Amino acid sequence: MRPSSPVPTISPATAWCTLAILFGLNLLNYLDRYVMSAVLTPMQKELSLTDGDAGWAASAFMLGYFLTAPLFGYLGDRFPRKYLMLAGVLIWSLATAGSGLAQGFGDLFVIRMVVGVGEACFVTMGPSWISDVFAATQRNTALSLFYVAIPFGSAIGFTIGGWFAQHGDWRGAFIYAGLPGVLLALSLLALAEPRRGQADGIAAGGVPHTGMGEVARLFLNRRYNLLVWGYAAQTFSIGAFGVWGPTFLHRIHGLPLGESSTIFGAMLAVAGLTATLLGGFLANALRKRTPAGYVWVMAFSLVTAAPVCFFALMVGNATLSLVGLGTSMFFLFLPTGPIASEMFEIVPVHLRASAMAMCIFVTHLCGDFGSPTVVGNLSTYTGNLQTAVLILPAVLVIGAVLWSVLIRYTSEPLKIEA
């Protein structure tokens, strides 16, 4: 049984240094992931890719990502994570640089799959590492800061890609985005592997080994399922936005390609950074008042984002569309930290990496693995990208319903369902 007031056995300086290194790696993770979106138009032109082909190239990353996530989650709950994460960072960084060498659709598809494999290794284990360094009272704050890297890194990716797209060298964007990860990966060697459960006050040897049956039974957990499937709906929309956002601004509102990528990246950085931090703060405040504090932030975010997103995609004025898109991004990033914090309250300590991995598997299989391709193919079929992207606010409504139902079942703090 967990003590009511767990005390971490790691110094505050070490904990925050660990978070800083993992934040930097997560920033590069998302920088590498989204640089392709900014160079999509010149890449399509040189490699003769249709919108459908471009959607599949984006989905190739997700294929490698979500298919290998369960394996890395299982390994992360049973073996030391440091060297597994080091290998993952090196793989994704080198593969990102290699994306600039692609000569056709087949090359690009395979290389982007390898990028996904490397990132799956890091993303499944990084949050569980943080949960073993920070006590429950600080965990949501630490995870929210870790996830600030998502909008910040994505925005840098859009900015770098937009510059190279404007100057006609889309291949250079991948090379310059990928290589820094090789150097930063070595910083993991300076970190000490945290003992599982130490931040929860669990004694050495008190965390059982993870069994495959326990991992499978996660899908009998009502709260876990509502969280994961709502997250899948959110991820579906965010993934398609990330790929098609700059192209939407270029085609529908006539913004120059480089400018659309830069503006989209700037909106992503500002909205994502402020929303992730504010969401973590609000969730902490609400969590002191109700066990469902994290979930209230999650549900409110999608209930608000869906109609704003619809407005942004349908309005004919470019300025109003940009304002609407920026506001949508804000609400979509608001629950970033609370999602992981709520998940780690639902599942036992020894299943945290596996729970994160299975969440990744479901949210990307049913979320952003297919959404860029769905939008691309709808655009090809209808001949209108604006019509195609209307599927995104519709899916957000589904997520809003699921997370609203989750509020009802989140009745007791730190309760683990059988």
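All heavy atoms count here, side chains included; hydrogens, waters and symmetry mates do not. Everything numeric here is computed off the predicted structure, so don't read it as measured data.
Minimum interatomic distance between I360 and A69 (heavy atoms only, all atoms of both residues): CG2-CB, 3.6 Å. Contact record, L143 with S341: CD1-OG, 3.8 Å, taken as the closest heavy-atom pair. Residues T410 and A292 approach most closely at O-CB, 3.7 Å, considering heavy atoms. Considering every non-hydrogen atom in both F72 and T124, the closest pair reads CB-OG1, 3.6 Å. Here the shortest heavy-atom pairing between G126 and L22 reads O-CD1, 4.2 Å. Closest heavy-atom contact between A232 and V362: CB-O, 4.3 Å.
To the nearest 0.5 Å, atoms CG (L188) and CG (L25) are separated by 5.0 Å. Taken to the nearest 0.5 Å, the CG atom of L402 stands 9.0 Å off from the CG atom of L406. Distance check: E119 CD to I91 CD1 gives 11.5 Å after rounding to the nearest 0.5 Å. Atom OG of S301 is separated from atom CZ of F333 by 11.5 Å, given to the nearest 0.5 angstrom. In this structure, S321 OG and F248 CZ are separated by 4.5 Å, a value rounded to the nearest 0.5 Å. Once rounded to the nearest 0.5 Å, the distance linking CD of Q386 with CD1 of I252 reads 5.0 Å.
No donor-acceptor pair under 3.5 Å is formed between the side chain of S379 and the backbone N or O of V375. In this structure, the side chain of W296 does not engage the main chain of I407 through any donor-acceptor pair within 3.5 Å. Checked by atom type and distance alone, the side chain of R139 pairs as donor or acceptor with a backbone atom of S131 at under 3.5 Å. Between the side chain of R171 and the backbone N or O of A102 there is at least one donor-acceptor pair closer than 3.5 Å. Checking side-chain atoms of S328 against main-chain N and O of C309 turns up a donor-acceptor pair under 3.5 Å. Remark: the backbone N or O of F236 is paired with a side-chain donor or acceptor of S371 at under 3.5 angstrom.
Under the 4.5 Å side-chain criterion, counting only non-hydrogen atoms from C-beta, C121 is not in contact with W92. The closest side-chain heavy-atom distance from L396 to L332 is below 4.5 Å. Contact of the Y65 side chain with the V123 side chain is registered, since non-hydrogen atoms from C-beta on lie closer than 4.5 Å. L277 is listed as a side-chain neighbour of L145, based on a closest heavy-atom distance under 4.5 Å. F164 is not listed as a side-chain neighbour of P42, based on a closest heavy-atom distance of 4.5 Å or more.
When the side chain to side chain donor-acceptor pair (under 3.5 Å) test is applied to Q234, no partner is found at least two apart in sequence or on another chain. Remark: S93 engages no residue in a side chain to side chain donor-acceptor pair (under 3.5 Å) (not counting sequence neighbours). Annotation: side chain to side chain donor-acceptor pair (under 3.5 Å) contacts of S237 (sequence neighbours excluded): none. Scored by the ring-ring contact (aromatic ring centres under 6.0 Å, His included) test, F310 finds no partners at all (sequence neighbours excluded).
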- Message: For a salt bridge (Lys or Arg N to Asp or Glu O under 4.0 Å) check, start with the C-alpha distance between E342 and R223, then their side-chain angles and the critical distance, and finish with the verdict.
- Response: CA-CA 9 Å; E342 176 66 19; R223 286 174 61 185; 2.7 Å; yes

- Task: Could you check W16 against L19 for side-chain contact (heavy atoms from CB on, under 4.5 Å), going step by step and ending with a plain yes or no?
- Result: CA-CA 5 Å; W16 291 106; L19 180 61; 3.4 Å; yes

- Task: Walk me through it: do V182 and L94 pass the test side-chain contact (heavy atoms from CB on, under 4.5 Å)?
- Result: CA-CA 7 Å; V182 176; L94 292 173; 3.8 Å; yes

- Are L49 and L108 close enough, and set up right, to give a side-chain contact (heavy atoms from CB on, under 4.5 Å), and what steps lead you there? CA-CA 11 Å; L49 304 178; L108 187 64; 4.2 Å; yes

- Can D53 and Q44 be said to form a side-chain contact (heavy atoms from CB on, under 4.5 Å), step by step? CA-CA 9 Å; D53 292 335; Q44 282 185 265; over 6 Å; no

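By the 30° and 60° cut-offs, the orientation of the rings of Y231 relative to W403 is tilted. Between Y224 and F219, the ring planes lie perpendicular to each other; the angle is over 60°, past the 30° to 60° tilted range. Between F331 and F300, the ring-plane angle classifies as perpendicular under the 30° and 60° cut-offs. Ring orientation note: the planes of F109 and F105 are tilted relative to one another, at an angle of 30° to 60°.
Every pair passing side chain to side chain donor-acceptor pair (under 3.5 Å) that includes a residue from residues 98-107 is listed here, sequence neighbours excluded: S99-R112. Legend: salt bridge (charged side-chain N to carboxylate O under 4.0 Å, His left out) pairs involving residues 320-330, not counting sequence neighbours: none detected.
For F281, the CZ atom sits in a loose shell: 12 or fewer heavy atoms of surrounding residues, nucleotides or ligands are nearer than 6.0 Å.
Side-chain contact of N377 with T380: a donor-acceptor pair under 3.5 Å is absent, judged by distance alone.
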